[in-house]
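In what follows, every chain begins at residue 1, and chains take the letters A, B, ... in the order their sequences are listed. Bear in mind the structure is a predicted one, so any value in this text is a computation, not a measurement.
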There are 2 protein chains.
Amino acid sequence: MTERKENIINQALKLFAENGYINTSTNKIARAAGVSEGLIFRHFTNKQGLLDVIVEVGLKDAESFVLQLTKIQDPREVLSVSLELPKYLIGRQREFWQLYHSLKYQNPEFARKYKESDLISKLTSVIDNAFRELRYEHPGEEAAFFLLIIGGMFSLLTKEETGNEEAADMLRFIKSKYRL
Amino acid sequence: MTERKENIINQALKLFAENGYINTSTNKIARAAGVSEGLIFRHFTNKQGLLDVIVEVGLKDAESFVLQLTKIQDPREVLSVSLELPKYLIGRQREFWQLYHSLKYQNPEFARKYKESDLISKLTSVIDNAFRELRYEHPGEEAAFFLLIIGGMFSLLTKEETGNEEAADMLRFIKSKYRL
DNA sequence: GTCTATATCAGGATAGAC
DNA sequence: GTCTATCCTGATATAGAC
């Protein structure tokens with residue numbers, strides 16, 4: 001991967017996240033990356049191709065996190081770490097996750113295209129297992145509820161501003177609720 | 001409000017929700033509404049003006065729901081009805097709420113413009129009060145958490161497909177968790 | 001209130017040279 | 001791999017007639 005190519009990806013991600021995918025012209029991207037517009041098309045075929053690369057790279061992070069999760073033995077620890085997922089991911093790539101969620105809301109096809117569901121179902125089963133080991137009465141439902149909470153944490157954190165502190169408080173509160 | 005004007009609003013809402021605001025041209029709207037393109041601009045000045053009207057109308061529904069909420073005495077009932085808010089609103093205007101959330105994610109300014117925060121803070125205080133009356137130890141944090149849950153229900157319901165049934169199960173589960 | 005026609009403009013994409 | 005120049009399309013918005 002040449003430096004210029006990488007530059008295009010980084011600048012595009014930044015602009016897509018700030019202003020939205022559609023609102024960001026290839027022209028703007030080229031200027032931000034200090035590169036000619038044509039080069040974008042050489043490397044990525046079209047604007048969509050550029051987005052595809054960005055998303056694939058970004059999702060790898062989440063995949064590796066979930067993979068780590070499967071290696072944890074203690075069920076309490078599994079739940080506790082799961083709750084940290086939004087904070088962890090957004091801490092590393094806030095821009096990407098903002099972009100990701102906005103696109104997902106906009107276009108239902110989107111999540112399917114990048115096989116997000118595989119990731120979710122793996123995460124769900126790990127959490128389900130944890131509740132099962134902890135002898136919760138309705139582990140399946142608990143897991144679904146837990147995922148809803150994780151999703152909520154994501155929203156909280158994505159909404160910058162006061163979101164960060166608010167989320168930290170929330171995290172503490174949830175952990176105490178579950179005795180983690 | 002003339003019939004044609006109303007038609008423009010309805011068709012625009014439908015198309016905006018389906019394909020996104022930016023992806024929907026005034027041309028498409030005009031054709032869908034069986035109306036000339038110029039008429040849109042006569043009535044709404046520009047495309048943004050059309051969106052403004054749609055959002056203002058749509059939000060009134062949520063406002064009136066929250067207003068009803070303030071009139072309920074029994075705190076358990078307050079919580080229970082609050083949880084129904086997503087289902088109620090989306091049941092009445094699924095398209096609108098899909099549009100609303102996608103725009104909100106896309107553009108942080110968006111929610112501010114239409115004073116969504118007023119609505120949220122009113123809802124929060126009602127819920128906070130309920131937990132206070134129920135003698136919960138940390139009513140403020142409980143209320144914030146409860147709002148996170150409500151937000152999660154919204155996401156669940158917005159994602160059509162199997163979302164509906166899943167959400168019904170979730171609702172039942174949450175209510176039993178809170179003994180409502 | 002409504003339509004038709006059209007001006008204007010910007011974005012995505014391509015061609016060809018280096 | 002990279003740049004410059006350029007084409008083409010489609011979208012917003014306006015003007016003027018009815």
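Using a 4.5 Å heavy-atom cutoff, the side chains of Leu15(B) and Asn23(B) are not in contact. In this structure, Lys104(B) and Glu116(B) have side chains that are in contact, with non-hydrogen atoms separated by less than 4.5 Å.
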Under 3.5 Å, sequence neighbours excluded: what are the donor-acceptor pairs made by side chains of residues 5-13 of chain A?
none

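Heavy atoms of other residues, nucleotides or ligands lying less than 6.0 angstrom from NZ of Lys113(A) number more than 12.
Counting only residues at least two apart or in different chains, salt bridge (Lys or Arg N to Asp or Glu O under 4.0 Å) contacts with residues 69-79 of chain A are absent. Identified under the salt bridge (Lys or Arg N to Asp or Glu O under 4.0 Å) test for residues 83-92 of chain B, with sequence neighbours left out: Asp61(B)-Arg92(B), Glu84(B)-Lys87(B), Glu84(B)-Lys175(B). Applying the ring pair (Phe, Tyr, Trp, His ring centres under 6.0 Å) rule to pairs touching residues 12-46 of chain B yields Phe16(B)-Tyr21(B), sequence neighbours excluded. Residue pairs meeting the ring pair (Phe, Tyr, Trp, His ring centres under 6.0 Å) criterion with at least one member in residues 57-81 of chain A, sequence neighbours excluded: Phe65(A)-Tyr88(A).
Of all nucleotides in DNA chain D, those with any atom nearer than 4.0 Å to a heavy atom of chain B start and finish, going 5' to 3', at dA11(D) to dT14(D).
Hydrophobic cluster membership for Leu67(B): none, as no Ile, Leu, Val, Met, Phe, Trp or Tyr side chain comes under 4.5 Å of it. Grouping Ile, Leu, Val, Met, Phe, Trp and Tyr by side-chain contacts under 4.5 Å, direct or through others, puts Tyr105(A) with Tyr105(B).
DNA chain D lies under 4.0 Å from no heavy atom of any residue of residues 6-19 of chain B.
Evaluation of the salt bridge (Lys or Arg N to Asp or Glu O under 4.0 Å) rule for Glu109(B) yields Arg112(B) as partners, not counting sequence neighbours.
From one end of the helix from dG1(C)-dC18(D) to dC18(C)-dG1(D) to the other, with five pairs defining each end axis, the axis direction shifts by 0° (rounded to 10°).
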- [ ] Please assess Tyr100(B) against Phe110(B) for the test ring-ring contact (aromatic ring centres under 6.0 Å, His included), listing each intermediate value before the final yes or no.
- [x] CA-CA 9 Å; Tyr100(B) 186 79; Phe110(B) 180 80; 5.4 Å; yes
Polar pairs (N or O, both sides) under 3.5 Å between protein and nucleotides 10-12 of chain C?
unit_1  : atom_1 : unit_2   : atom_2 : d
dG12(C) : OP1    : Lys47(A) : NZ     : 2.7
dG12(C) : OP2    : Thr26(A) : N      : 2.5
dG12(C) : OP2    : Thr26(A) : OG1    : 2.9

